Amino acid sequence: MKRLQNRIAESRFALPVTAVYATAAWLADGLISSDSYIEFAVFAVSAYLMAELNNRHALIRMYSRMVSCSFLVLATLAASAAGGTSWAAGTADVWIMQLCFIVAYLFLFSSYQDKRAQGKMFYAFMMIGVASTLFVQALFFVPLLWVLTATNLMAFSSRNLWASIIGLTVPYWFYGGYCALTGNIGYLTAHFAPDAWLKPLFITGGADAATIATTAFIVTVTVIGAVHFIRNSYKDKIRTRMLYEMLITVTAFCLAFMLLQPGHLPMLMGILIIHSSILAGHFFALTSTRLTNITFCVLATAAVALTVVNFIL
């Protein structure tokens with residue numbers, strides 16, 4: 001007899017139902033009154049691409065939509081923090097930056113063991129470059145991704161390296177040209193100013209209870225998913241293990257970044273949720289014990305409850 005967790009994880013209705021839930025949450029948060037149509041559209045595209053990421057690279061070794069379902073729930077929860085002002089009703093930057101990272105992973109994962117994947121590397125790092133125009137600290141992830149390209153994707157070569165460097169700089173060709181044309185070259189220099197790169201260490205910037213609770217919940221889900229995969233990675237194919245080890249490494253880097261620079265929490269949370277969704281999806285879809293069923297029910301209930309509470313506060 002299948003447990004509730006497994007029935008939901010394997011259901012073809014899981015994604016449509018979760019999509020309706022997420023849409024209802026956005027409407028309740030003032031999607032129409034706040035004119036957040038661009039943010040919602042980017043959010044929807046991101047959810048679709050998360051499903052594509054799972055399908056193309058077989059991140060879960062069975063039919064399941066839990067990766068995209070987890071993304072919808074966690075991203076909606078994050079958007080609800082502080083009444084939605086930090087994400088949904090505030091700015092499109094987080095959503096666009098998050099979408100850029102998802103697209104980058106689609107190209108990066110496709111370059112597995114391909115030392116002549118110049119096109120894929122170009123587009124992957126071009127998306128990181130676009131993300132860095134909105135969140136310059138995204139460039140801190142570049143050296144780590146280069147190392148992981150060599151160790152986990154086994155796709156490192158001089159051609160791929162140069163393709164990634166060119167792709168990374170392309171957005172700034174247009175950004176720099178626009179600034180020069182409009183006589184606002186100061187925008188470009190201010191973008192790379194030292195005070196723009198780093199914020200004071202361990203300073204939260206007055207984060208409220210809703211933001212702290214939401215962050216703690218998402219980090220908890222991430223840790224549960226990571227520990228589960230590390231303990232059960234032998235059941236997956238080598239390629240899948242390499243991809244997940246890459247994701248876990250970037251997750252650890254992101255968590256350390258959040259701890260040191262909590263002032264960048266909204267943007268870093270956008271990156272973390274990509275990894276959390278994949279790790280959580282793997283955990284929910286591929287476990288079937290009584291304890292994991294209880295954990296699934298508790299986490300799902302807590303996510304919905306916390307989202308509602310965030311809207312009320």
Side-chain angles (χ1 to χ4, degrees), residues 49-50 52-54 56-60 67 71 97-132 135-170 219 222-223 225-234 236-261 264 267-282:
L49 291 180
M50 287 296 288
E52 281 294 304
L53 191 65
N54 178 38
R56 291 186 185 184
H57 304 290
L59 298 177
I60 298 178
V67 168
F71 176 81
M97 184 273 304
Q98 185 182 65
L99 176 61
C100 288
F101 267 82
I102 295 172
V103 176
Y105 275 132
L106 277 167
F107 285 111
L108 279 175
F109 288 179
S110 297
S111 69
Y112 181 75
Q113 290 188 332
D114 186 357
K115 295 184 183 295
R116 300 180 65 85
Q118 291 86 20
K120 295 172 184 176
M121 285 292 171
F122 173 85
Y123 289 118
F125 282 88
M126 183 182 72
M127 298 312 298
I128 301 296
V130 173
S132 72
F135 178 55
V136 69
Q137 288 77 11
L139 295 174
F140 286 135
F141 289 84
V142 171
L144 177 62
L145 291 175
W146 278 334
V147 171
L148 293 172
T149 297
T151 59
N152 287 70
L153 298 181
M154 293 174 283
F156 189 82
S157 67
S158 58
R159 290 184 177 183
N160 284 353
L161 175 63
W162 281 110
S164 67
I165 292 173
I166 294 172
L168 194 65
T169 59
V170 162
V219 170
T222 306
V223 172
V227 170
H228 155 74
F229 181 81
I230 292 170
R231 293 185 60 189
N232 297 275
S233 61
Y234 65 91
D236 284 297
K237 296 179 180 179
I238 293 176
R239 183 180 186 276
T240 305
R241 292 205 299 266
M242 299 300 275
L243 296 182
Y244 269 92
E245 287 171 8
M246 177 179 178
L247 291 169
I248 290 173
T249 302
V250 179
T251 298
F253 179 82
C254 192
L255 289 172
F257 199 164
M258 289 170 61
L259 180 64
L260 293 172
Q261 299 266 277
H264 295 303
M267 288 293 194
L268 291 172
M269 187 62 69
I271 298 172
L272 179 65
I273 285 173
I274 300 169
H275 305 79
S276 303
S277 302
I278 298 172
L279 293 169
H282 191 279

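Just the heavy atoms: all of them, side chains too, but no hydrogens, waters or symmetry mates, feed the values below. Throughout, residue positions are numbered sequentially from 1 according to the sequence presented. Please read all numbers here as calculations on a predicted model, not as lab measurements.
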Closest non-hydrogen atom pair, Ile128 against Ala138:
CG2-O, 4.2 Å
Donor-acceptor check, side chain of Arg241 to backbone of Asp236, threshold 3.5 angstrom: yes or no?
yes
pair Leu272-Val219: side-chain heavy atoms closer than 4.5 Å:
yes
Closest contact, heavy atoms only, Gly270 versus Gln98:
O-NE2, 2.9 Å
Begin with the C-alpha distance, continue with both residues' side-chain angles, and end with the deciding distance and a verdict on ring pair (Phe, Tyr, Trp, His ring centres under 6.0 Å) for Phe107 and Phe122.
CA-CA 9 Å; Phe107 285 111; Phe122 173 85; 9.6 Å; no
Dump the intermediate steps for side-chain contact (heavy atoms from CB on, under 4.5 Å) on Leu53 and Leu49, then the final yes or no.
CA-CA 6 Å; Leu53 191 65; Leu49 291 180; over 6 Å; no
Leu243 versus Asn152: any side-chain heavy-atom pair under 4.5 Å?
no
Separation between CG of Leu59 and CD1 of Ile278, rounded to the nearest 0.5 Å
5.5 Å
Would Met121 and Trp162 satisfy side-chain contact (heavy atoms from CB on, under 4.5 Å), going step by step from the backbone distance to the final call?
CA-CA 9 Å; Met121 285 292 171; Trp162 281 110; over 6 Å; no
Show, in sequence, the C-alpha distance, side-chain angles and deciding distance for His275 and Thr222, and conclude whether the side-chain contact (heavy atoms from CB on, under 4.5 Å) test is met.
CA-CA 8 Å; His275 305 79; Thr222 306; 5.7 Å; no
Indicate yes or no: at least one non-hydrogen side-chain atom of Val250 is less than 4.5 angstrom from one of Leu145.
yes
Closer than 3.5 angstrom, by distance alone: can the side chain of Ser157 be matched with the main-chain N or O of Asn160 as a donor-acceptor pair?
yes
Minimum heavy-atom separation for Thr240 and Ala58, please, with both atom names.
OG1-O, 3.8 Å
For atom OH of Tyr123, is the number of surrounding heavy atoms from other residues, nucleotides or ligands below 6.0 Å larger than 12?
no
Report yes if the side chains of Gln137 and Ser132 come closer than 4.5 Å at any heavy-atom pair, otherwise no.
no
Do Phe125 and Thr169 touch side chain to side chain, with heavy atoms closer than 4.5 Å?
no
How far does CE of Met267 sit from CD of Gln261, to the nearest 0.5 angstrom?
14.0 Å
Could Arg239 and Tyr112 be counted as a cation-pi pair, given that NZ or CZ must be under 6.0 Å from the ring centre and within 45° of the axis?
yes
Give the intermediate values and the outcome of side-chain contact (heavy atoms from CB on, under 4.5 Å) for residues Ile273 and Met269.
CA-CA 6 Å; Ile273 285 173; Met269 187 62 69; 4.0 Å; yes
Pairwise side-chain contact, Thr151 with Phe156, heavy-atom cut-off 4.5 Å (strictly under)
no
For residues Ile230 and Tyr244, determine if any side-chain heavy atom of one lies less than 4.5 Å from a side-chain heavy atom of the other.
no
Euclidean distance, Trp146 CH2 relative to Phe141 CZ, rounded to 0.5 Å:
14.5 Å
Heavy-atom nearest pair, Cys100 first then Val130, reads SG-CG1, 3.6 Å
Give, for atom SG of Cys254 and atom CD1 of Ile271, the distance between the pair rounded to the nearest 0.5 Å.
5.5 Å
Ignoring hydrogens and angles, tell me if any N or O in the side chain of Asn54 forms a donor-acceptor pair with the backbone of Val67 under 3.5 Å.
no
Straight-line distance of His282 NE2 to Ser233 OG, nearest 0.5 Å
8.5 Å
When rounded to the nearest 0.5 Å, the distance separating OG of Ser111 from CZ of Arg116 is 14.5 Å
Work out which heavy atom in Ala155 is nearest to a heavy atom in Asp114; give both atom names and the distance.
CB-O, 3.5 Å
Once you measure the plane-to-plane angle for Phe257 and His264, does it fall in the parallel (<30°), tilted (30-60°) or perpendicular (>60°) bin?
perpendicular
Which residue is it: Met127, Lys120, Arg56? I am looking for the one with a side-chain contact (heavy atoms from CB on, under 4.5 Å) to Leu106.
Arg56
Considering only heavy atoms from C-beta outward, does the side chain of Leu161 approach that of Thr149 to under 4.5 Å?
no
